[in-house]
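A short worksheet on the structure shown next.
It should be emphasised that the depicted structure is a prediction, and the values quoted were computed from it without experimental measurement.
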Amino acid sequence: KEALSRLQLLFATPQRFVPATAKAQLTMASTEFFEHLVLPRLLPRLRREAPGLVLRSRSAQGRLPKEEMERGECDLAIAGFFGELPEGFYQQTLFEDDFVCVVKQDHPQIGKTLSLKTYLALDHLLISMQGDLTGVVDVALAKQRCRRRVVAGIGNFLTPGWIVAESELILTAPRRLARLYQRHLPLQLLDLPLE
């Protein structure tokens with residue numbers, strides 16, 4: 001009798017999610033770049049349509065929080081660096097972006113365009129959430145038997161814009177991020193001289 005009642009609970013019709021009356025805390029692992037890009041528009045909508053939901057955002061720390069998600073401690077992970085997901089995880093593309101080069105406006109070695117030769121001659125700053133000093137650009141360069149000189153890796157998305165604005169370093173970054181930097185800092189954006 002007890003086993004039968006447990007089975008009935010297991011197969012009972014789940015309650016329908018109603019945003020206006022839902023009460024829960026949602027935990028999201030992400031990056032400060034994504035938070036800055038999406039949360040200013042998302043939070044007002046959540047307050048309006050689901051006032052009982054509380055969003056807690058924390059750093060993804062350069063990795064998929066697999067164990068935390070399996071334990072129910074994290075509901076959602078959003079970043080572009082998770083790679084192949086383990087079986088049983090659902091993935092959806094939210095947007096696509098390309099890369100651009102970011103340099104200070106009056107960079108002495110750069111004009112209005114950027115050649116591959118100049119790109120390779122410069123000292124590079126790298127956004128590296130995992131802490132290594134290679135990225136997708138380095139993989140593309142290696143296919144052309146080229147190599148850039150990375151002199152520093154930064155473990156977040158927002159600090160590099162300020163570093164580049166006050167140095168002669170070059171940063172290769174997602175276009176949306178570069179435009180965010182440019183709104184606040186004297187920077188120029190250039191096309192990346194490789195596919």
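- For Val18, the side chain to side chain contact (heavy atoms under 4.5 Å, CB included) partners are Arg16, Thr21, not counting sequence neighbours.
- Atom CD of Glu96 is surrounded by 12 or fewer heavy atoms from other residues, nucleotides or ligands within 6.0 Å.
- Identified under the side chain to side chain donor-acceptor pair (under 3.5 Å) test for residues 22-33, with sequence neighbours left out: Thr27-Arg56.
- Partners of Asp106 under the side chain to side chain donor-acceptor pair (under 3.5 Å) rule, at least two apart in sequence or in another chain, do not exist in this structure.
- At least one donor-acceptor pair closer than 3.5 Å links the side chain of Ser167 to the backbone N or O of Leu169.
- Shown here are the side chain to side chain contact (heavy atoms under 4.5 Å, CB included) partners of Pro108, two or more places apart in sequence or in another chain: Lys104, Glu168.
- Checked against salt bridge (Lys or Arg N to Asp or Glu O under 4.0 Å), Arg176 has the following partners two or more places apart in sequence or in another chain: Asp97.
- One finds a salt bridge joining Asp138 and Arg148 here, because a Lys/Arg side-chain nitrogen approaches an Asp/Glu carboxylate oxygen to under 4.0 Å.
- For residues 181-195, the set of pairs meeting the side chain to side chain donor-acceptor pair (under 3.5 Å) definition, not counting sequence neighbours, is empty.
- Here the closest non-hydrogen pair linking Asn156 and Ile127 is O-CG2, 3.6 Å.
- Every side chain to side chain donor-acceptor pair (under 3.5 Å) that Arg63 has, sequence neighbours left out, goes to Glu68.
- Here Leu133 sits in one hydrophobic cluster together with Leu126, Val150; the rule is ILVMFWY side chains under 4.5 Å apart, joined directly or through other members.
- Under the ring-ring contact (aromatic ring centres under 6.0 Å, His included) criterion, the residue pairs touching residues 15-49 are Phe33-Phe157, with sequence neighbours excluded.
- Counting Ile, Leu, Val, Met, Phe, Trp and Tyr side chains that sit under 4.5 Å apart, directly or through other members, Ile170 shares a hydrophobic cluster with Phe99, Val103, Ile110, Leu114, Leu116, Tyr119, Leu120, Leu122, Val136, Val137, Leu141, Leu190, Leu192, Leu194.
- Here side chain to side chain donor-acceptor pair (under 3.5 Å) pairs that include residues 70-79, with residues two or more places apart or in two chains, are Lys66-Glu70, Arg71-Glu73.
- For Ser59, the side chain to side chain contact (heavy atoms under 4.5 Å, CB included) criterion is met by Gln61, not counting sequence neighbours.
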